[in-house]
Amino acid sequence: MQHDINRQWWKEVVVYQVYPRSFKDTDGDGIGDLKGIIEKLDYIKSLGVDVVWLNPVYESPNDDMGYDISDYRAIMKEFGTMEDFDMLLEGLHARGIKLIMDLVVNHTSDEHYWFKESKKSRNNPYRNYYHWWDAERGKPPYRWSIFDHESNAWKYDETTNSYYFHIFSHKQPDLNWENPDVRREVYEMMKWWMEKGVDGFRLDVITCISKDTSFPVLPETMPVGDWFPYYAKGPNLHRYLQEMYEEVFSKYDCMNVGEASGVNINDALLFVDEDRRELQTFYHFDHTGFGISKENFMYADDNNRDLVEWKKIFNRWDKVFEEKGWGTIYLGNHDMSRMTSRFGNDSHEFRELSAKMLHTFLLSMRATSYIYNGDEIGMVNTNHTSIEKYQDLYTINYYHQLKQKGEDCQAFLASHSKISRDNGRTPLQWDDSYQAGFTSGNPWLALNENYQVLNVAEQEARPDSVLHYFRSMIQLRKKNKTLIYGAFELVDEHNRQLFAYTRHLGSQKLLVVLNFSGEEASLDTEIDLTHCNILISNYSMPSRNKLYNPFEAVIYEIES
Ligand code: GLC
C-alpha cells in the first residue's frame, strides 16, 4: 500500500557511525582521537554520508569504552579537548554533514560526581539519583547483570550498608529516572549540547530508563525475552520520552534514534508515531540473532541462519511503518561482529562480493540507513580465541564467570570469537604501512592482520573496490527516492538463498535481487528482466536470466 510520503531529512540521510577509539590516532598513544577524525573529514565527506554518529566521547574511566560517563560536559582526555570537539563539529558542518551524539543516560559511571555524592550517606542530596536498597531490608531480589563478573545487578556498598542497582557493569550504576531532578539535569545537559550545535542524539539503552522500581522477586522460570518488564519498558517510559520531547527535541530541528531493546512490532508505534511526540526512530534487534545461538546469545550458531525467517523479520517491520513512524536499518555497529563476516562471507573469494551485496541491501530498504565505520571497505572479523586478545568487558567477564564455574572456556571462546564485539572494534585500516596508518604507537586493540591487503588506500586506487561500490550505492539512493520511500514488497519470499523485493514509488518500480549464498540461485518470478534498465550490480555482467551468481546483487528498473 502506498501512502502519502511524509518527507523528512532524517528519513533520507545515510548515517555513518564513527567509533572514535579505533578511527585514527594522531598522538601516538594507540587510541583514536578527535584530531584523527578531523584529519579524515574529507574522507568522510567523500563517502557521501550525511550524518555522523559519534560513539561516546565524554569523560569516562572506560570500564565499558565510554558508555560509563563521569562528566557529560567534558571530553575524554585520550580523545582530546572541547576545542577539538568544537573544531570537529565545525568541520563537519562546513562539509554539510550533521553530528549526532551518543546519549548514555540510563546509567553513569560510578566515578560521576552524582554517584560519588550519592554513596556518601543515605541523606545526601544526590542519594535518590540512583537506586539504593538498604541492607536492613535483606538482600535485594536477584537481578541478572549483563556485564557483571558475578552476573549480579546489585552491588553492596559498605559506606552506607546498602546495595545499588546496575544493569550493566558495577561501574555503571543506573540513574533513578523516577527522580524529577535527574530528568531535569539530563534535559539540561542535552540542551547544552544542542546549543553547542550538535544535531541530535542516539539514545543508548533508552527503554531501560523506566523499570519496575519496586524490584519484585523474579519468577522462578523466565523465558528469554520475558525479562523486559523487570529491566526496561517500565510504567513511565512513554511519559519520560514525551517529556524529553517537549523539553528538548521539540525545540530544535534535530534527529534522534533510540536503542530499543525489547520493543516489538506491537508496541513500536507507541514510540515513533509522530502524533505521540516521543522518538523519531529506534533500532530493534530482531534480525541480529542470525548466526547466534537461540539458547545463549554469547555463543555463535551457524545453524541459526534461516534466510526465509530473516526476510520475514524485515517484511514484518516494514509493514509496521507503512502508515506512520519510520524505521532504521543496520547490519553492523560497535556491539556486533563485522557485517561481512556475520551476514556475508569473509573468505578471500567472497569477501568483496558479499560486502557489496550487503551495502546494496542497507541502502535499498525503506528505513534510515546506518553504516558502521570500516564496513565501507568490508572489514572482517579477527576471530581471536585467546582471552588475552580481548579488551571488551562483556567477553572478559563472561569468560571469568565460566572459569569460576569450571566450564569449558576454550569452547566458549572458539564460538564467541565469531560474534564478539571486539571484532567490530579493531582499528580502521587506512593503508598497508606500519599499524595500518592508524597509529604510530601500539594500538589499544590489535589490528586485524589482513590490513596489508584490506585497507582504504588500496580500495581508493581500485575502481571495482567495495569502497567505490559503497559510494555509488549511496548516490543511487540519493537519486532514486524510490529506494527511500517506495513501497516494499517481497518477491519469491520462500527462496532460501535470495532476498528479493520490489520498491515502488509513483511510476518507478525497482527490483532488488540479493544472493545471500555462496552458490548459484534462481529467482522465481514472472517479471521479465531481459530488457530492463540495470541501475547497479556487483558483477560486471549482471544476470538477466534470473540465475544469480554467488552473492550477486542487482537492482533493476522494471518500470519507469
Ligand atoms: C549499549 C551500547 C553498548 C554499551 C551498553 C551499555 O548497548 O551500545 O556498547 O555497552 O549500551 O551502555
Side-chain angles (χ1 to χ4, degrees), residues 15 17-23 32 53-70 72 76 100-112 115 130 143-149 151 153 155 165-175 177 186 201-211 227-228 231-233 256-263 279 281-289 292 297-298 328 330-339 370-374 390-398 416 419-426 444-445:
V15 183
Q17 182 188 347
V18 171
Y19 193 68
R21 212 176 174 77
S22 297
F23 198 66
W53 150 20
L54 207 54
N55 285 95
V57 293
Y58 318 90
E59 190 60 82
S60 162
N62 277 310
D63 188 51
D64 183 22
M65 297 307 162
Y67 283 89
D68 46 324
I69 297 170
S70 52
Y72 288 102
M76 191 190 300
I100 60 174
M101 303 288 282
D102 220 312
L103 184 79
V104 189
V105 288
N106 172 66
H107 45 269
T108 66
S109 161
D110 65 341
E111 297 181 32
H112 192 288
F115 189 75
Y130 297 87
R143 290 287 181 280
W144 158 80
S145 157
I146 181 159
F147 296 159
D148 189 67
H149 53 281
S151 189
K155 176 147 172 76
F165 185 69
H166 61 92
I167 295 184
F168 296 91
S169 92
H170 70 273
K171 287 189 65 64
Q172 297 169 292
D174 283 42
L175 279 167
W177 273 69
V186 168
F201 298 97
R202 173 262 185 192
L203 300 96
D204 190 65
V205 290
I206 198 66
T207 46
C208 295
I209 58 174
S210 169
K211 46 208 157 238
W227 54 269
F228 288 112
Y231 294 81
K233 293 212 306 191
N256 67 59
V257 53
E259 186 193 25
S261 331
V263 175
L279 298 177
T281 54
F282 62 76
Y283 62 88
H284 65 79
F285 292 84
D286 285 5
H287 62 298
T288 60
I292 293 189
F297 55 71
M298 295 302 279
T328 60
Y330 70 100
L331 291 177
N333 61 35
H334 65 292
D335 290 333
M336 292 170 71
S337 50
R338 283 284 169 191
M339 82 167 185
Y370 282 75
I371 314 293
Y372 182 56
N373 62 189
Y390 285 90
Q391 292 285 344
D392 184 9
L393 85 168
Y394 197 22
T395 302
I396 297 172
N397 285 341
Y398 195 80
H416 184 74
I419 55 169
S420 93
R421 307 199 296 182
D422 276 350
N423 280 308
R425 298 178 177 186
T426 60
W444 70 279
L445 181 68

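Remember, it's 1-based here, ligands and their atoms both numbered in the order they're listed.
Side-chain contact check for N55 versus R21: every heavy-atom pair is 4.5 Å or farther apart. A heavy-atom distance below 4.5 Å is found between the side chains of K211 and N106. Side-chain contact between D422 and T395 is absent, with no heavy atoms from C-beta onward closer than 4.5 Å.
Nearest heavy atoms, N256 versus T281: O-OG1, 2.9 Å.
Using a 4.0 Å cut-off to heavy atoms of H107, the atoms of ligand 1 that qualify are 6 (C), 12 (O). Atoms of ligand 1 lying under 4.0 Å from at least one heavy atom of R202, given by number and element, are 2 (C), 8 (O). The distance from ligand 1 to the heavy atoms of D335 drops below 4.0 Å at these ligand atoms: 1 (C), 2 (C), 3 (C), 7 (O), 8 (O), 9 (O). For ligand 1 and F147, the ligand atoms under 4.0 Å from any heavy atom of the residue are 10 (O). Listed by atom number, the atoms of ligand 1 under 4.0 Å from R421 heavy atoms are 3 (C), 4 (C), 9 (O), 10 (O). Distances below 4.0 Å separate heavy atoms of F168 from the following atoms of ligand 1: 5 (C), 6 (C).
The side-chain contact (heavy atoms from CB on, under 4.5 Å) search around T288 returns F285, Y330, M336, R342, not counting sequence neighbours. Not counting sequence neighbours, the partners of D148 by the side-chain contact (heavy atoms from CB on, under 4.5 Å) test are S145, E150, N152, H166, H170.
Nearest non-hydrogen protein atom to atom 6 (C) of ligand 1 is D64 OD2, 3.5 Å. Of the protein's heavy atoms, D204 OD1, 2.9 Å lies nearest to atom 11 (O) of ligand 1. In terms of protein heavy-atom proximity, atom 7 (O) of ligand 1 is nearest to E259 OE2, 2.8 Å.
Using modelled atom types, one finds no donor on one side chain facing an acceptor on the other under 3.5 Å when comparing T108 with Y72.
Contacts between M336 and ligand 1, counted as non-hydrogen atom pairs separated by less than 4.0 Å, are absent for every part of the residue.
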Checklist entry - Given M101 and F201, is the side chain to side chain contact (heavy atoms under 4.5 Å, CB included) satisfied, shown in steps? => result CA-CA 5 Å; M101 303 288 282; F201 298 97; 3.9 Å; yes
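Contact annotation: Y394 has no heavy atom less than 4.0 Å from any atom of ligand 1.
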